[in-house]
Number of protein chains: 2
Amino acid sequence: MNAVTIKDVALAAGVSSATASRVLSGHPATSAASREKVAAVAKELGFVPNAQARSLRSTKTDTIALLISDVRNPYFSDLAHAVEQQAHAAGMMTFIGNANEDTEQQDQFLAAMLSRRVDGLIVVPQGLDEDADRPSPMMQRIIASGTPLVFVDRTLPEQRIPSITASSTGALEEAIAQLKLLGHTSIAFLGGPDHASTARERHSAFDSAMAANGLSINPALHFAGDFRAASGAGGARWLLEHELQPTAVVIADAPMAIGALTVWREAGIRIGKQLSVISFDEVDAMLMHDPPISTISHDLTSMGRAAVTALQEVMAGKSPEPQEFISRFTARESLAPTQAATGA
Amino acid sequence: MNAVTIKDVALAAGVSSATASRVLSGHPATSAASREKVAAVAKELGFVPNAQARSLRSTKTDTIALLISDVRNPYFSDLAHAVEQQAHAAGMMTFIGNANEDTEQQDQFLAAMLSRRVDGLIVVPQGLDEDADRPSPMMQRIIASGTPLVFVDRTLPEQRIPSITASSTGALEEAIAQLKLLGHTSIAFLGGPDHASTARERHSAFDSAMAANGLSINPALHFAGDFRAASGAGGARWLLEHELQPTAVVIADAPMAIGALTVWREAGIRIGKQLSVISFDEVDAMLMHDPPISTISHDLTSMGRAAVTALQEVMAGKSPEPQEFISRFTARESLAPTQAATGA
DNA sequence: CGATTCCATGGAATCGATTACACAGTTTTC
DNA sequence: GAAAACTGTGTAATCGATTCCATGGAATCG
């Protein structure tokens with residue numbers, strides 16, 4: 001096994017373990033002689049410092065944790081990648097945890113991270129099902145423990161926690177304006193779960209975009225999904241049988257869009273002809289689709305970077321302002337004039 | 001801060017820290033009285049054991065690490081998800097690391113995990129560029145350290161390390177047979193980088209499938225990519241200008257396929273009409289494509305589970321046999337008869 | 001030149017848990 | 001009924017690093 005400790009290194013280098021430690025952690029008060037000797041010996045013996053012992057004493061781990069709600073959602077894996085790269089550049093490791101859109105798994109991961117004494121946490125938070133704005137018990141303990149914490153993508157509004165979010169209001173206004181221009185007035189919305197702040201933000205941005213374009217908001221055209229593919233499929237079926245037969249639809253995230261598009265394909269619905277589709281999240285599948293799906297996208301790379309930067313500020317004792325990124329609307333061939341408009 | 005230690009708990013419960021520890025870690029030699037008292041006090045104080053101190057003494061962390069080569073590749077995020085769920089069921093945490101198809105990042109993650117003394121490692125290994133079969137320096141140290149190690153998806157053939165891989169020979173034979181039936185004889189292969197064993201396996205399986213179907217293997221129709229989208233795009237352009245104008249192509253992974261399909265779409269190539277396409281990895285984008293792409297897919301969920309099981313055996317001192325899963329070929333509309341066959 | 005500051009170093013305490021060992025009291029065994 | 005085995009507990013050692021403190025020697029200062 002790897003039984004080589006700092007004492008072995010110190011012994012072989014003819015110094016005390018204190019000096020060895022100082023050399024290995026770059027403490028200035030060391031002589032050139034011992035610096036060289038210790039470094040050489042450590043390399044030769046293949047010394048790997050025990051991170052547990054180190055951080056037990058020093059109370060820092062150079063590690064942050066990132067909790068996302070679904071690893072298999074490309075949206076979040078992009079975020080994870082950005083956070084990891086940025087943290088890496090700052091000399092910190094990132095532990096990536098997966099909440100699976102489930103409060104219990106979220107809490108287990110948070111407990112594990114608290115127990116491992118990570119230096120900070122970046123969390124895509126999940127509210128409780130009963131009370132979306134209240135943090136889960138473990139989240140409350142995290143907050144109480146004083147561990148630096150930053151929310152990203154989603155927030156819990158009642159908490160005074162720095163957050164990095166995206167605003168889709170502008171993008172949705174553009175999107176709805178475009179639909180209106182094409183003759184659409186009956187527009188459905190396949191939304192996400194209320195316990196996610198992004199779901200609420202997207203829904204209310206949709207409503208205000210409708211209003212801003214002088215279109216009426218019809219609650220009967222709102223479907224409550226859960227951000228997962230199956231609920232998107234359910235939403236698509238619901239829409240197929242809907243008495244109002246809307247001519248356009250906005251979908252709140254990529255997995256739901258994929259579920260819905262699969263159903264529509266099987267039902268022989270021609271996207272862009274019979275139904276205009278706009279989805280959140282610009283992922284490969286949206287671009288590969290025929291026709292390509294119009295999207296409202298966030299700059300996950302920037303958001304990930306900003307989250308790490310904000311977390312570093314929190315760790316330094318500051319409290320950075322909440323930061324809001326602006327989403328972008330990209331029109332693609334999934335939009336077309338309504339039959340009525342074409343026929344006119 | 002969270003300054004509540006086991007001593008605080010012991011004091012408040014009126015027992016020694018030894019007894020408190022025994023209660024909290026489920027040691028049998030405890031009285032019902034102290035069990036209740038300690039448990040109650042621990043809960044009330046919100047005691048979170050310090051994982052560093054615990055594993056420093058006990059030399060176990062109940063944590064495994066999973067190193068994948070690209071978090072943003074859905075293929076690997078499926079694998080990560082499966083490993084995580086299985087490890088979770090076995091009471092272990094999983095640290096997910098991203099090598100980014102880069103030997104240096106791989107080594108940094110491995111060093112961090114070694115230093116954190118994880119109980120075991122599941123690795124999608126990356127060989128050296130110069131010598132694909134040789135493990136990187138850090139990998140050698142992992143092996144030398146005796147840390148339980150299992151390879152998944154890829155292997156390093158010279159090492160006696162348990163591995164979970166997939167064999168695509170059968171699936172490719174089926175695939176090529178189907179292509180032949182449709183009249184294709186000139187079939188290109190967009191392959192992966194030689195330092196990945198999967199790339200070599202897929203390439204040689206392709207060659208033998210060609211041979212098994214009595215088709216000649218033409219090295220001029222083999223393109224060497226790197227498993228990333230840009231190289232797939234490069235491969236697609238290379239193919240467009242190729243003097244032999246092959247009528248079908250097999251692509252070695254999903255990101256490359258996405259890169260290639262994007263180029264072909266821009267070039268106005270009609271997939272399934274002018275060019276038949278088969279890709280490895282059944283990801284959403286392949287199914288959303290018009291027409292849907294025929295795929296050769298692996299059962300990542302089973303492979304992930306098998307990897308955790310194998311790792312547990314290694315941790316128990318056994319040395320499980322290498323396990324090979326069989327890939328599956330699914331024909332879709334991206335395959336069509338050649339013009340010649342149609343014209344005849 | 002004596003006093004002060006600075007440097008590099010070693011000894012020992014420390015972080016917070018687990019666990020070997022000792023011990024007292026109880027139960028079982030022959 | 002004495003010896004052996006078992007139970008629950010506390011004391012103290014331990015894991016492997018970092019870091020406080022003391023120390024001796026060199027450099028600096030007035």
Side-chain angles (χ1 to χ4, degrees), chain A residues 1-39 41-42 45-63 111-112 114-119 145 147, chain B residues 1-39 41-42 45-63 111-112 114-119 145 147:
Chain A
M1 291 294 148
N2 202 311
V4 43
T5 76
I6 201 170
K7 281 189 183 170
D8 302 324
V9 174
L11 193 69
V15 297
S16 75
S17 59
T19 301
S21 169
R22 277 186 278 255
V23 169
L24 293 169
S25 52
H27 191 97
T30 49
S31 68
S34 42
R35 238 173 293 149
E36 279 171 34
K37 191 83 181 107
V38 170
V41 169
L45 296 182
F47 171 67
V48 180
N50 185 317
Q52 277 130 17
R54 183 208 293 273
S55 47
L56 177 58
R57 181 67 229 255
S58 64
T59 67
K60 59 197 210 46
T61 51
D62 292 324
T63 300
L114 202 50
S115 144
R116 279 175 179 75
R117 303 294 194 265
V118 292
D119 292 344
S145 78
T147 307
Chain B
M1 289 294 151
N2 201 310
V4 43
T5 74
I6 201 169
K7 282 190 184 171
D8 303 323
V9 174
L11 193 69
V15 298
S16 74
S17 60
T19 300
S21 168
R22 280 186 276 254
V23 168
L24 293 168
S25 50
H27 191 97
T30 49
S31 69
S34 41
R35 239 173 293 150
E36 278 170 34
K37 192 85 181 105
V38 170
V41 169
L45 296 181
F47 170 66
V48 179
N50 184 317
Q52 277 128 17
R54 183 209 292 274
S55 45
L56 176 59
R57 180 66 228 255
S58 64
T59 65
K60 60 198 210 50
T61 52
D62 292 324
T63 300
L114 201 52
S115 141
R116 279 174 179 76
R117 304 293 194 264
V118 292
D119 292 344
S145 79
T147 307

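Worth knowing before you read on, the calculation uses all heavy atoms, side chains too, and leaves out hydrogens, waters and symmetry mates.
Rounded to an integer number of Å, the gap from B/L56 CG to C/dC15 P is 14 Å. Taking atom CZ of A/F47 as the reference point, atom C1' of D/dA17 lies 8 Å away to the nearest angstrom. Atoms CG (B/L11) and P (D/dG10) sit 12 Å apart, rounded to a whole Å. We find that CD of A/Q52 is positioned 13 Å from C1' of C/dT18, with the value rounded to whole Å. Distance CZ (A/R116) to C1' (C/dC15): 18 Å, rounded to an integer number of Å. If you measure from atom CG of B/L24 to atom P of D/dG8, you get 17 Å, rounded to the nearest angstrom.
Side-chain N/O atoms of B/T5 include one lying less than 4.0 angstrom from OP1 or OP2 on C/dA17.
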Handout entry: Criterion side chain to side chain donor-acceptor pair (under 3.5 Å) on A/R35 and A/T30, from CA distance to verdict
Key = CA-CA 7 Å; A/R35 238 173 293 149; A/T30 49; 3.1 Å; yes
Problem - B/R116 vs A/T63, side chain to side chain donor-acceptor pair (under 3.5 Å): CA-CA, chis, key distance, verdict - result: CA-CA 11 Å; B/R116 279 174 179 76; A/T63 300; 2.5 Å; yes
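The nucleotide whose nearest atom lies closest to any side-chain atom of A/V15 is, among C/dT18, C/dA8, C/dG10, C/dG10. Here the nucleotide nearest the side chain of B/A18, chosen from C/dA8, C/dT19, D/dG8, is C/dT19.
In this model, no side-chain donor or acceptor of A/R54 finds a partner on the base of D/dT18 within 3.5 Å. Below the 3.5 angstrom threshold, one finds no donor paired with an acceptor across the side chain of B/R117 and the base of D/dG16. The base of D/dG10 sits within donor-acceptor range of the side chain of B/R22, with an N or O pair under 3.5 Å.
Residue-level contact check: B/S31 touches the backbone only, with heavy atoms under 4.0 Å from sugar-phosphate atoms and none from bases. Residue contacts shown for A/S34 are limited to sugar-phosphate atoms, with no base heavy atom under 4.0 Å away.
Residues B/S16 and A/S21 both approach DNA chain D. Their nearest nucleotides, taken by heavy-atom distance, put B/S16 toward the 5′ side. Place A/N50 and B/T19 on DNA chain D by their nearest nucleotides, and B/T19 ends up nearer the 5' end. Mapping B/I6 and A/R35 onto DNA chain C via the closest heavy atom, the residue that lands nearer the 5' end is A/R35.
Note: B/R54 CZ to B/S21 OG = 8.0 Å, rounded to the nearest 0.5 Å.
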